[in-house]
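Input: a single structure, listed below in structure tokens.
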Amino acid sequence: MADVGTRKRVLSGIQPTHDSFHLGNYLGALKQWVALQESHDAFYCVVDLHALTVGPDPIELRRRTLASAAQLIAIGIDPAKSTLFVQSHVPAHNQLAWIMECLTGFGEAGRMTQFKDKSAKSGTDRTVVGLFTYPILQAADILLYQADQVPVGEDQRQHIELTRDLGQRFNSKYGQTFTIPEGYILKSGAKINDLQDPTSKMSKSAASQSGVIELMDAPEINMKKIKGAMTDTEREVIFDEKNKAGISNLLTIYSAITGLSIADAQNEFVGKGYGDFKSAVATVVVDFLTPIRAKAQELLQDPAHLTSILRDGAEKANLVASKTLAETYEALGLLPRA
Ligand code: TYM
């Protein structure tokens, strides 16, 4: 393992909006978080402030924030290797977000496709301003830690681009202050689709949960969902995203979990029907998730242990974040407090 001082830094975040993360979160992003902590100086946060944009119930938010930390540890985030913390525990996130808001064009923020999609669904009167500024807070999360890389799914590409633009804009206006990060987005697995609607991404906010594989669901439920995945009327297990979206999505999942290439995964099912294929996918997914669920449940039995991990994480995160914030204030010409 390289020395902390010479290792590149990664930062990423996940929202505590639900009781469970889903397989898309895991394969698109979290799996890379685990791998990168071996080679990088890793900062991972549960972005509870971002979750406020959906107006969560306070009791649920608190429970889900802790459940998120438990799941992250259960999938393999090691608090001895990674700095694991809760976004609201480090006030510099909001402080830098304001500064970044003052550098972001109104039209620029309005062009963010996630904002456009969500606000189009609920209408402007029911869309909160926090949803509009969401990507700017995300940029602050990343820039504060001088992150080199940001492991995320494909849907976050535009937000990383905005982060880069804001970092570069600040640096050229006020002098070199921020590292310009790059997205760490996989070629395969960066977009896992809904099992019942295989041309749309698997999402916590899907109207029906029947196509969403939750990490914390019972094995029987996930088994049933995968065996009932929407496919086409043909017979061959072939990767063809355009004509066989359901089968291709299942092949992506199978290959990401087993570590086989898509071609090798496909070869395994030559001459076999969709039924055998779906059973095989269901078995590898369920076998993989069962110990993760058990570990997360075990961790949740001891909330004091989890909160102490998060307290240590916040302390480490705060050291890095407050240094960047102080440099930013200085560069901007804000008068130092005597
Ligand atoms: P969130 O909680 O919506 O998603 C967490 C991560 O899961 C990825 N993801 C997917 N990947 C593949 N297939 C899918 N179906 C799928 N659904 C979700 C997301 O791309 C994400 O990486 N805006 C961020 C949260 C955030 C953040 C940050 C990320 C806030 N601050 C700073 C990185 C750095 C988000 O989408 O969270």
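Counting starts at 1 for both ligands and their atoms, following the listed order.
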**Prompt:** So between L137, T17, N25, whose heavy atom ends up nearest atom 9 (N) of ligand 1?
**Reply:** N25
**Request:** Give the numbers and elements of all ligand 1 atoms closer than 4.0 Å to a heavy atom of S12.
**Result:** 29 (C), 33 (C), 34 (C)
**Asked** Does K204 have a non-hydrogen atom less than 4.0 Å from ligand 1?
**Response** yes
**Location of contacts on V152 toward ligand 1, heavy atoms closer than 4.0 Å** = both
**Request:** May I ask you to check whether K201 has an N/O atom sitting below 3.5 Å from an N/O atom of ligand 1?
**Result:** no
**Complete:** Those residues at least two apart in sequence (or on a different chain) that pass ring-ring contact (aromatic ring centres under 6.0 Å, His included) with F277 are F269
**Asked** ligand 1 versus V47, non-hydrogen atoms closer than 4.0 Å: side chain, backbone, both, neither?
**Response** side chain
**Item:** salt bridge (charged side-chain N to carboxylate O under 4.0 Å, His left out) partners for D19, two or more places apart
**Value:** R63, R64
**Asked** Atoms of ligand 1 less than 4.0 Å from V150 heavy atoms?
**Response** 33 (C), 34 (C)
**Asked** Should you measure from each heavy atom of L11, which atoms of ligand 1 turn up under 4.0 Å away?
**Response** 32 (C), 34 (C)
**Prompt:** Looking at Q156, which atoms of ligand 1 are within less than 4.0 Å of one of its heavy atoms?
**Reply:** 20 (O), 23 (N), 24 (C), 35 (C), 36 (O)
**Prompt:** Are Y134 and ligand 1 in contact, using a heavy-atom cut-off of under 4.0 Å?
**Reply:** yes
**Message:** Closer than 4.0 Å to some heavy atom of I192 - which atoms of ligand 1 meet that?
**Reply:** 12 (C), 13 (N), 14 (C), 15 (N)
